[in-house]
Every structure is written in C-alpha cells, then in structure tokens.
Amino acid sequence: MRVLVIGGGGREHAIIRKIKENPNVTAIYALPGNGGMRSDAQCFPVGAKDLDGIEAFVKEHPVDFAVVAPDDPLVLGAVNRLEALGIPTFGPRAEAAIIEGSKVFSKNLMKKYGIPTAEYTVCSTPEEALEAVGRMNRYPVVLKADGLALGKGVLIASTKQEAEEAIRSLMVDRVFGQSGSRIVVEEFLTGPEVSVLSFTDGKTVVPMVSSMDHKRALDGDRGLNTGGMGTIAPNPYYTPEIAKQCMDTIFRPTVEAMNREGRTFKGCLYFGLMLTPDGPKVIEYNCRFGDPETQVVLPLLKTDLLTVMQATAAGKLDSCPVEWKEESACCVVMASEGYPGKYETGFEISVDPDCKAEIYCAGVKTDPERGVPVSGGGRVLGVVMTAPTLEQAVKDAYAEVKKVHFKNAFYRHDIGQRALLVKKES
Ligand code: AMP
Ligand code: GLY
C-alpha cells in the first residue's frame, strides 16, 4: 500500500505515524510534510492547496489511498479531484466540507434541523451587523467571519465599542478577505469546551475519545488565541451521560442533516462543543481532524487507523469495530517565543537520547546547509505522553518536554490542570 497524506503539521505527523503501524504500508508520501517527519514519510514540496500540483504528483507517483487532512484543500475539493482519478480517499468532498467552510451554512443547517447551538443572525453588511448587535444588547457578543480564516475568524467583543471595531475589521477592512463578506453575530455561551472528533461514512458515526484543547497562548488561559497550545484526552467533563446526549441530539442529527441536504459527509467530522447549563451545544464544526487534538486522540486508538479510514471511505464503517485504549494522553506544544505574534525561527532542535515521548513536528524545517532540523514556525512541535491516568500523562509529558531543546522555545505550564481539577472534584 502506498499512501498519500496531504498537509504538513503536527496533526499530519500523528496521522502518518499511526498509518505507518499498518504492516501493508510500503510508502507514505506527504505533500508538503515538514522537515521533522522525514523518518516517517517522503516529503515533496507540493502545497496542500495546490490541487493541480497534487494531481500531477499522483500521476507520477501512483498511490493506493489518500488522506486529505487540512481544511483548505478539503473545502477547495481535493477529495473530489483524487476520487475522480480513481484514488480511494479519506476526507469529505467539497460539498460536505462546507460544514466548516461556511459558518452561515453550518448555523443555518443547525437551525433547520433543530441541532442545539447559540442563537445568531447572519449579516451581509456592517449596518446589519451593528443592528444585530444592538438587538442582542448583551455582552460579550461573538462575531464570526463566514469563511475560513486560519482559525482566527472568531472575535469576542465585551463592549459595544469592541463589537463595532470587530465588525469594521471583518467587514470593512476585510482582515480575512472574502471570508468577511458575511458574518454571523452570535450569542455568547458559557461552559466547559469539549472536542469530539468522529469517523463517519454518512451512515454510521463513531465518536473518538474526547479531548480538551488549550487555545490561549499563556498559562491560566491568558494571552491571545492560538491554533492550540496543548491537549489532553479523554476530557473528564465529557461523561458517558453527556456522550449519549450528544449522540442523540448532535452527532446523528448532523450526519442525517447532511444526507438530507445531499451533502453526505465522509471522513472525520469534528464537533466543537460547549457544555452549557442548558445542555451541550455546538460551537463549531470542522470537516477534519483537529490540531492538536489528533496528537492525543490517535495515540489512544487501538484499532489500525488505515483500516478504519479505508472502511470510512468505502462506506463500510458499520463493519469496522473501533477500539480505544483505557489510557490518557497529554500533548504540550512547544512554540517559538512571541507566537502567535512575531517570532524568530531557524534554531536547531535537539532531543535528549533518553526522551520517551512521541514528538509530532509542525513548524520544523531542515537547515539547508547543515541538514539538521530547525524551528520553522510558530507552533514547532508537540510532546506527547500516554499513561494509565491523566495525572501521570500530564506529569510525564512535562518531564519529557525538558528533554527537547531549541532557542526561544516556550510552552504553557498548565496543560491538563483544569481537567485534573474535575477529576479531583468527582
Ligand atoms: P475557533 O472557531 O476555533 O477560532 O474558536 C474560537 C473559540 O471562540 C472557541 O473555542 C470558543 O472558545 C469561542 N467561542 C466561539 N463561539 C462562541 C460562543 N457562541 N460563545 C462563547 N464562546 C465562543
Ligand atoms: N484545535 C482546534 C482546531 O483544530 O480547529
């Protein structure tokens, strides 16, 4: 089996490591991959959004299966293109990826099918948005760009003035380009957040182990929003009762709603949930594996990942039992000092020989002169440990972080602390 993986971050590295466990796999190609995953995959400089480049690549390097991991190529139709070439592919087609590609689509879908989510108004002009904020007259208020915005298109305004500024930056200054041509003005919800990734082929939905992201840059959930500074799994807020409720009111209804719309979703459907006092509600859908959720979820998967992905792509998920380890995992992201703002890169990365962690590389490049891995992005890598208990996994992950070195490295010191509090209370 020759497998193609589109993407180049820590999530893709975790997917590749897991696929590599399948004994039938003879080659893994990553487009573009990154300088930290060369021992696991052959990386080629084709951008994940370069659909023509991807097509040219597979014509030259035939593959038996493909996985499209990031949002952009999914929304652009990478799966449609690969399937048209006769390549079985894991991931939703463009018509289903719209569930992440357009917030207006996903909010209207939830409303139409009675799936619990925050109250909202869709606005096409700044005047409409100001009026919607005025009508809501409750702060904070949430403003969301309709389209993809590198995960940064959600602004939370605490005052009327902040809301006006947010509307201006989204709709007038167009900081996220066309993504801001429409916005969603949304009620602010409160409660613990849970990420649930699921495998679905449009008929069966199999939730994966739940997880918790830590989005802010600094300890104590302070600082700017980032792509995610660390994760733990499973998420202790997500009890078996809540899981059942989510299955009945959110997961199955969403998959069914997509079928009814003629947009059958096959791949990994990510439910970003908030456990509000009124029950679990959808904060966002993603049409893909989360990053860095994948880095803690996949190490807990007992079943062979490639087998599950093949069953999903073939519409045979019902005949593929998916099993999980009774363990916990913790991922601490090591980033470049200054991220998510300005930062310097190009510093050599070294790992002590006794490091026991799984290291998933994201912003890692190969130094062209010395051939060594160097930091090459904001989030550089994730250090992951699994253990019988969450407490142990967190402790172990932090012990192993000390064995990974590069200049200007920074990380949060409290990944998992909120989850451990729940454990103590219960
Ligand atoms: P993302 O879409 O990943 O950029 O998510 C942004 C974050 O904004 C979420 O993880 C939530 O913490 C927060 N958020 C989004 N929508 C709401 C909402 N309606 N109420 C409260 N917080 C929200
Ligand atoms: N960790 C959140 C996401 O992947 O969107």
Side-chain angles (χ1 to χ4, degrees), residues 7 9-12 14-15 69-72 74-75 97 99-103 106-107 110-111 116-121 132-133 136 138-158 163 166 170 175-176 179 183-198 208 210-217 221-233 235 237 268-278 280-298 331 333 335 340 360 362 378-379 382 415 418:
R11 159 186 60 203
E12 286 77 7
I15 291 171
D71 48 4
D72 284 306
L74 289 167
V75 170
I99 199 166
E100 174 171 4
S102 168
K103 298 261 192 251
S106 67
K107 294 299 289 189
M110 288 186 267
K111 188 172 184 183
T117 189
E119 293 296 327
Y120 72 103
T121 311
V133 168
M136 193 104 71
R138 220 173 341 131
Y139 298 91
V141 63
V142 184
L143 302 141
K144 298 185 171 179
D146 177 38
L148 295 181
L150 303 165
K152 294 178 189 153
V154 176
L155 302 176
I156 297 177
S158 305
L170 291 174
V175 290
F176 301 116
S179 291
I183 69 166
V184 172
V185 173
E186 191 172 285
E187 166 201 19
F188 180 81
L189 301 175
T190 54
E193 285 186 57
V194 182
S195 306
V196 180
L197 287 58
S198 69
M208 303 183 211
S210 62
S211 52
M212 184 193 286
D213 195 0
H214 297 68
K215 287 195 176 154
R216 300 295 202 92
D221 289 329
R222 290 174 304 112
L224 293 172
N225 246 332
T226 71
M229 292 300 294
T231 35
I232 57 98
N235 183 328
Y237 284 102
C268 173
L269 181 53
Y270 167 126
F271 300 91
L273 307 171
M274 195 170 266
L275 309 181
T276 77
D278 301 327
K281 293 190 181 179
V282 178
I283 289 282
E284 62 164 350
Y285 292 117
N286 291 329
C287 64
R288 52 172 175 86
F289 283 95
D291 189 340
E293 284 91 339
T294 306
Q295 290 89 316
V296 285
V297 169
L298 290 186
C331 170
V333 170
Y360 298 124
R379 290 188 300 167
I415 303 301
R418 191 165 173 202

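This structure is a prediction, so every number in the text was calculated from the model and none was measured. Whatever order the structure lists ligands and atoms in, that order sets their numbers, starting from 1.
Atom CZ of Arg138 has 12 or fewer neighbouring heavy atoms from other residues, nucleotides or ligands inside a 6.0 Å radius.
Considering only heavy atoms from C-beta on, Val333 comes within 4.5 Å of Cys331 through its side chain.
Protein heavy atom closest to atom 4 (O) of ligand 1, with residue, atom name and distance, is Gly151 O, 3.1 Å. Nearest non-hydrogen protein atom to atom 3 (O) of ligand 1 is Lys215 NZ, 3.1 Å. For atom 21 (C) of ligand 1, the closest non-hydrogen atom on the protein side is Leu189 O, 3.1 Å. Of the protein's non-hydrogen atoms, the one nearest atom 13 (C) of ligand 1 is Ile156 CD1, 4.0 Å. Protein heavy atom in closest approach to atom 8 (O) of ligand 1: Val154 CG1, 3.7 Å.
In this structure, the separation between CZ on Arg418 and CE on Met212 is 6.0 Å, given to the nearest 0.5 Å. Going from atom CG of Leu275 over to atom CG of Leu189 covers 11.0 Å, rounded to the nearest 0.5 Å. From Glu100, atom CD reaches atom OH of Tyr270 across 9.0 Å, with rounding to the nearest 0.5 Å. Taken from OH in Tyr360 to CG in Asp291, the straight-line distance is 12.0 Å, to the nearest 0.5 Å. The structure places CG of Leu170 at 12.0 Å from NZ of Lys144, a figure rounded to the nearest 0.5 Å.
Every atom of ligand 1 with a heavy atom of Glu284 under 4.0 Å away is listed here by number and element: 1 (P), 2 (O), 3 (O).
Of all the listed residues (Thr190, Val282, Ile283), Ile283 holds the heavy atom that lies closest to atom 17 (C) of ligand 1. When the heavy-atom distances from atom 9 (C) of ligand 1 to Glu193, Glu186, Lys144 are ranked, the shortest goes to Glu193.
With respect to Glu186 and Lys107, a salt bridge is recorded, a charged nitrogen being found less than 4.0 Å from a carboxylate O.
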Show me a pair-per-line table, with atom names and distances to 0.1 Å, of protein N or O atoms that are under 3.5 Å from an N or O of ligand 2.
unit_1   : atom_1 : unit_2 : atom_2 : d
ligand 2 : 1 (N)  : Asp213 : OD2    : 2.9
ligand 2 : 1 (N)  : Asp291 : O      : 3.0
ligand 2 : 1 (N)  : Glu293 : OE1    : 2.8
ligand 2 : 1 (N)  : Glu293 : OE2    : 3.2
ligand 2 : 4 (O)  : Arg288 : NH1    : 3.0
ligand 2 : 4 (O)  : Asp291 : N      : 3.0
ligand 2 : 5 (O)  : Asn286 : ND2    : 3.1
ligand 2 : 5 (O)  : Arg288 : NH2    : 2.9

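Under the 4.0 Å distance rule, the nearest protein heavy atom to atom 11 (C) of ligand 1 falls inside the cut-off.
At a cut-off of 3.5 Å, with distance as the only test, a side-chain donor of Glu293 or Ser195 sits close to an acceptor on the other residue.
For Asp146, the salt bridge (charged side-chain N to carboxylate O under 4.0 Å, His left out) test picks out Arg182, with sequence neighbours left out.
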